[in-house]
Visitor: 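Pasting a structure here, questions to come.
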Number of protein chains: 2
Amino acid sequence: MRSSHLITRNSGVAVWRQIADQIRGDISAGKMASGVRMPPEVELATRFSVNRHTIRSAIAALTKEGVLRAEQGRGTFVANAKKLTYRIGERTRFSEILSTQVRETKGVLLGSSLEEPTAEVASALGMHSGMVIRIDTMHTADNNPISCATSWFDAARVPNIIEDYRATGSVTAAFKRAGIDDYLRQSTIIGARHADAEDLRHLKLSPGAIVIVATAVNVDMDGRPVEYATTHFSADRMEIAIGRQSSL
Amino acid sequence: MRSSHLITRNSGVAVWRQIADQIRGDISAGKMASGVRMPPEVELATRFSVNRHTIRSAIAALTKEGVLRAEQGRGTFVANAKKLTYRIGERTRFSEILSTQVRETKGVLLGSSLEEPTAEVASALGMHSGMVIRIDTMHTADNNPISCATSWFDAARVPNIIEDYRATGSVTAAFKRAGIDDYLRQSTIIGARHADAEDLRHLKLSPGAIVIVATAVNVDMDGRPVEYATTHFSADRMEIAIGRQSSL
DNA sequence: TAACATTTGTCCGTATGTATA
DNA sequence: GTATACATACGGACAAATGTT
């Protein structure tokens with residue numbers, strides 16, 4: 001399809017990192033299945049037209065990330081596997097979406113605060129006065145970190161959301177305790193950027209990694225906004241799907 | 001909100017490039033309006049905790065990209081502007097989506113071929129036999145490149161798609177000529193990755209840049225697939241929206 | 001067992017790029 | 001602009017582990 005082993009020099013991005021990014025991309029795009037043996041270092045070196053040591057730097061970085069696994073005398077193998085798919089629709093529930101793809105999902109509360117809403121947050125939540133509760137969370141699938149999020153709620157509407165989330169590890173469950181039995185996804189805006197320092201720490205990524213940023217508004221059954229959230233997904237572990245069915 | 005002027009060292013990404021990426025991101029996120037004067041170099045240097053020479057390297061790179069504009073004796077100014085929003089729904093038409101945000105959009109045919117479909121393409125188009133036509137296209141908004149795409153079509157269904165696209169610069173218009181008056185977006189899968197060499201060339205990006213990859217299936221009014229396409233958007237110039245209305 | 005090819009791991013030195021003072 | 005320290009990339013040589021003949 002679309003594969004060019006081209007390296008740009010003097011670009012501020014080290015050659016070993018460009019190669020590592022390309023290999024990681026190929027793996028997470030499914031071009032090399034889990035457990036498959038990589039071509040030997042010398043072959044990769046000629047393919048990318050670089051020194052073997054440069055290939056070794058790239059492999060070392062990917063080994064540290066857990067994407068590859070090198071064995072002396074035998075070769076280097078693909079350790080990681082396929083991407084998860086996060087399907088966005090009217091009913092978007094984190095654990096439900098992934099339940100068919102992984103054994104277990106978990107949500108952890110990283111921090112929280114009661115704060116004055118910014119114009120953006122107030123507008124998204126349709127608020128004219130009052131405070132908002134902000135919670136920072138991190139989510140894992142089968143104990144692999146896949147996303148971290150910041151959510152804002154109207155403090156008057158769900159005053160106990162912090163405690164409820166900590167107890168349940170789920171916004172859906174926390175909403176139920178606050179009397180919000182159901183809610184719908186009103187809008188989602190999707191972008192992508194380099195992972196920042198926080199992303200690197202929470203998602204266990206290495207610098208230069210990419211995160212998909214989804215900014216969403218959830219509304220109750222009367223159409224009133226109840227949650228405004230931005231979620232950062234590791235682009236190597238997750239893709240977003242829209243529409244009725246997968247085409248792949 | 002979420003802004004850390006944090007730099008990761010020894011990551012394979014030069015500090016000047018990390019700073020350039022961050023400034024470019026801030027600009028396209030709308031944090032600095034078009035035409036605004038940048039803070040002086042010394043201030044940026046203290047803000048990022050780096051040497052002034054390093055800031056100069058970052059600014060030089062962004063000037064070369066056209067994101068900033070340096071004026072003799074006056075200072076450095078933001079040349080570029082806000083992100084465009086690509087709203088995905090049942091009726092997704094490239095030029096219609098952007099018509100309210102830009103003056104003019106254009107589609108250019110980069111290349112085309114008649115080929116044996118891969119399993120992925122055949123499955124997406126619901127084909128069991130026959131050849132597919134592949135076209136590579138590039139799209140601009142007000143003469144700025146914002147996306148490039150590869151599309152596949154059933155050759156038996158739209159045999160003249162290449163000529164028709166070249167003449168009209170639009171899939172919608174080319175479909176009309178083939179008797180397909182209307183079509184709907186069935187599914188979209190969204191991911192993000194580093195720009196490859198082709199992306200860099202077509203979208204005029206610099207290495208390390210990020211592209212949003214949207215893989216879509218369009219169906220005719222009878223629900224039969226008519227187009228399978230993967231589009232690469234520059235993540236700095238575009239974001240994807242889903243749902244009824246923007247929340248921002 | 002032994003010899004051999006293959007592949008990863010480690011060491012040397014050298015030139016250039018990056019970042020600081 | 002100059003000087004210094006470190007990261008990056010290259011070239012070569014050899015050691016260590018593995019599998020095969």
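All chains are named by letter (A, B, ...) in the order of the sequence lines, taking the proteins before the strands, and each is independently numbered beginning at 1. Heavy-atom basis, side chains included; hydrogens, waters and symmetry copies ignored.
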Visitor: For F77(A) and dT8(C), give me the distance from atom CZ to atom C1', rounded to whole Å.
Guide: 11 Å
Visitor: How many whole angstroms separate atom CH2 of W16(B) from atom C1' of dA19(C)?
Guide: 13 Å
Visitor: By nearest heavy atom, map V13(A) and R74(A) onto DNA chain D; which one lands nearer the 5' end?
Guide: V13(A)
Visitor: I want to confirm an ordering. Mapping Q72(A) and V50(B) to their closest nucleotides on DNA chain C, which one lands closer to the 5' end?
Guide: Q72(A)
Visitor: On DNA chain C, compare the nucleotides closest to G73(A) and G12(A); which residue's is nearer the 5' end?
Guide: G73(A)
Visitor: Scan R37(A) against the nucleic acid and name what it touches under 4.0 Å (heavy atoms): base, sugar-phosphate only, or nothing.
Guide: sugar-phosphate
Visitor: Does any N or O in the side chain of T54(B) come within less than 3.5 Å of the main-chain N or O of V50(B), such that one atom is a donor and the other an acceptor?
Guide: no
Visitor: Could you tell me the boundaries of the chain A footprint on DNA chain D, defined by atoms under 4.0 Å from its heavy atoms?
Guide: dT8(D) to dG19(D)
Visitor: Give a yes or no answer on whether the side chain of R47(B) reaches the backbone of P39(B) with a donor-acceptor pair at less than 3.5 Å.
Guide: no
Visitor: Taking CD from E43(A) and C1' from dT7(C), how many angstroms apart are they, rounded to a whole number?
Guide: 12 Å
Visitor: With the threshold set at under 4.0 Å for non-hydrogen atoms, list the residues of residues 51-61 of chain A touching DNA chain D in residue-number order.
Guide: N51(A), R52(A), H53(A), T54(A)
Visitor: Measure from the side-chain N and O atoms of E104(A) to the backbone N and O of A141(A), and report whether any donor-acceptor pair falls under 3.5 Å.
Guide: no
Visitor: K204(A) and R237(A): which non-hydrogen atoms are nearest, and at how many Å?
Guide: O-NH2, 3.5 Å
Visitor: Say whether, by atom type as modelled, one donor and one acceptor occur between the side chain of R17(A) and the main chain of A61(A) under 3.5 angstrom.
Guide: no
Visitor: Look at R134(A) together with D136(A) and state whether they make a salt bridge at an N to O cut-off of under 4.0 Å.
Guide: yes
Visitor: Could you check whether any side-chain heavy atom of E71(A) comes within less than 4.5 Å of a side-chain heavy atom of T76(A), counting everything from C-beta outward?
Guide: no
Visitor: Could you check how far CD of Q18(B) sits from P of dT18(C), rounded to whole Å?
Guide: 13 Å
Visitor: Whole angstroms only, please: what is the CD-P distance between E71(A) and dG9(C)?
Guide: 10 Å
Visitor: Do any N or O atoms from the side chain of E41(A) and from the backbone of I55(A) form a donor-acceptor pair under 3.5 angstrom?
Guide: no
Visitor: Would you indicate which nucleotide in dG9(C), dA19(C), dT7(C) comes nearest to any side-chain atom of P40(A)?
Guide: dT7(C)
Visitor: Answer with base, sugar-phosphate or nothing: what part of the nucleic acid does V42(A) contact at a heavy-atom distance below 4.0 Å?
Guide: nothing
Visitor: Suppose we define a pair by two distances each less than 3.5 Å, Watson-Crick or G-U wobble; what does dG1(D) pair with here?
Guide: none
Visitor: Just by distance, with hydrogens left out, do T137(A) and H139(A) show a side-chain donor and acceptor under 3.5 Å apart?
Guide: yes
